[in-house]
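Quick notes on the structure that follows.
Note on naming: letters A, B, ... go to the chains in the order of the sequence lines (proteins, then strands), and numbering restarts at 1 for each one. Everything numeric here is computed off the predicted structure, so don't read it as measured data.
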Amino acid sequence: MDHSVVLVNDERILRPVTVDDAEFIVHLRNLPHVKGNINDTSTDVEKQREWIRKYLERPNEWYWIVESLDHRPLGTTSLYHYNAEKRQIESGRWAMVKDHNLKMIHGRTQLYDWAFSHIDVDHIVCDATSYNKHVLRYHRMLGEREIGVEKGVFIINGKPVDVVWFDQSRAEWPEAKRRIERIFGQ
Amino acid sequence: MDINVFIENFAGQFDETPADQIKPETNFRDLDEWSSLIALSIIAMVDEEYGVTLKGDDIKNSTTVKDIFDAVVAKK
């Protein structure tokens with residue numbers, strides 16, 4: 001499995017996660033503004049290293065560090081849970097060290113372009129916790145279709161949390177991308 | 001372009017902040033709920049309601065709700 005995909009543009013770099021990123025990922029996922037909106041993450045860096053080693057053995061999954069052009073780590077993003085039968089892949093593990101959400105939109109556009117060009121899928125799906133109104137609004141604003149609610153999928157602070165699922169289809173991506181770039185730039 | 005309607009639309013992007021807390025002179029970054037996600041909602045709202053494209057710098061260079069209103073007016 002080739003995990004070496006690097007995406008670069010004039011604002012940021014998406015480069016493959018390595019075992020050496022474990023400490024940053026633990027730090028990121030336990031930041032106050034991130035924790036509580038994603039699955040609970042252990043603070044044990046060695047457990048994270050082990051998780052990354054297992055990830056590197058899995059096919060059809062990509063996990064990136066989002067970096068500034070001078071290689072400061074800013075966050076993470078990932079494509080995973082490829083489903084050949086449904087012709088879909090899941091986008092997630094989005095987290096940024098601080099408010100870089102405009103850059104996140106630009107990064108998402110670049111990522112989705114790459115995914116629809118290189119992976120044989122017709123849908124990129126993602127989920128968000130049902131109580132995170134701002135993130136739900138964000139997904140709707142990007143033109144994603146809301147496709148359902150799944151109960152108790154995440155465990156946050158030890159409790160099951162419902163998630164809302166969104167779908168970006170290949171067919172609708174060109175128009176969605178045009179709209180996103182018109183409003184938010186490239 | 002009516003500033004009171006703009007403030008109503010602006011306040012509509014917040015889920016937990018009472019609308020009466022948002023006034024022209026409000027420093028929007030002082031609002032507890034303010035985040036860059038809300039900034040993106042504001043940008044999308046301005047596009048939809050006013051046909052104006054605000055850039056990230058327009059928000060960055062603004063301090064009050066009226067500053068953002070003025071930026072929208074300037075681009076109409």
Side-chain angles (χ1 to χ4, degrees), chain A residues 9-12 28 31-38 66 68 74-75 77 92 94-109 126-144 146 164 166 168 175-186, chain B residues 1 5-23 26-65 67-76:
Chain A
N9 69 17
D10 58 2
E11 204 173 54
R12 74 225 146 248
L28 174 70
L31 287 172
H33 70 278
V34 177
K35 192 178 168 72
N37 291 305
I38 58 172
V66 181
S68 63
L74 301 176
T77 185
W94 284 101
M96 301 293 275
V97 291
K98 57 182 179 179
D99 277 347
H100 279 282
N101 285 308
L102 188 57
K103 286 193 171 68
M104 208 152 87
I105 285 185
H106 298 159
R108 175 184 172 277
T109 300
C126 66
D127 60 22
T129 55
S130 59
Y131 54 70
N132 196 333
K133 293 177 185 173
H134 294 161
V135 171
L136 296 178
R137 188 200 296 266
Y138 166 83
H139 284 290
R140 292 174 188 130
M141 180 183 66
L142 293 175
E144 295 172 7
E146 196 168 320
V164 179
F166 293 91
Q168 175 62 66
E175 180 53 35
K177 179 183 169 185
R178 266 192 296 275
R179 178 175 173 273
I180 290 165
E181 289 182 340
R182 180 175 59 77
I183 299 174
F184 298 109
Q186 298 186 33
Chain B
M1 206 174 112
V5 172
F6 179 81
I7 289 173
E8 204 174 297
N9 290 327
F10 188 98
Q13 308 313 308
F14 291 74
D15 294 304
E16 288 147 21
T17 306
D20 60 8
Q21 277 190 23
I22 298 176
K23 299 176 172 42
T26 299
N27 182 330
F28 54 84
R29 290 190 187 80
D30 286 346
L31 297 167
D32 285 342
E33 199 182 344
W34 177 260
S35 72
S36 63
L37 273 179
I38 291 190
L40 296 177
S41 289
I42 301 292
I43 291 172
M45 178 278 288
V46 165
D47 174 82
E48 194 172 326
E49 298 292 334
Y50 300 101
V52 164
T53 302
L54 283 181
K55 302 290 183 190
D57 279 352
D58 293 317
I59 307 279
K60 191 176 163 186
N61 295 334
S62 298
T63 303
T64 65
V65 176
D67 288 341
I68 297 181
F69 172 78
D70 289 342
V72 176
V73 168
K75 291 188 175 211
K76 273 200 78 72

Taking heavy atoms only and a threshold strictly under 4.5 Å, list by residue number the residues of residues 7-16 of chain B that touch chain A; give 'none' if the list is empty.
-> B:G12, B:Q13, B:F14, B:D15
CG of B:L37 to CG of A:N132, rounded to nearest 0.5 Å, is 7.5 Å
Spatial distance of atom OG (B:S35) from atom OH (A:Y138) [nearest 0.5 Å] | 11.5 Å
Assert top hit (heavy-atom pairs under 4.5 Å, partner chain B, pool A:K133, A:M141, A:R137) equals A:R137
Can you tell which part of B:S41 gets under 4.5 Å to a heavy atom of chain A, answering side chain, backbone, both or neither?
-> both
Residue set satisfying side-chain contact (heavy atoms from CB on, under 4.5 Å) with B:D30, at least two apart, ordered chain then number -> B:N27
Hey, is NZ on B:K76 packed in by over 12 heavy atoms from elsewhere, all under 6.0 Å?
-> yes
Taking only residues two or more places apart in sequence or in another chain, which ones pass salt bridge (charged side-chain N to carboxylate O under 4.0 Å, His left out) with A:R140?
-> A:E146
Name all residues meeting the side-chain contact (heavy atoms from CB on, under 4.5 Å) criterion together with A:I183; count only those two or more places apart in sequence or in a different chain, and write none if there are none.
-> A:R179, B:I43, B:D47
Calculate, to the nearest 0.5 Å, the distance between atoms NE2 and CD1 belonging to A:H134 and B:I38 respectively.
-> 3.5 Å
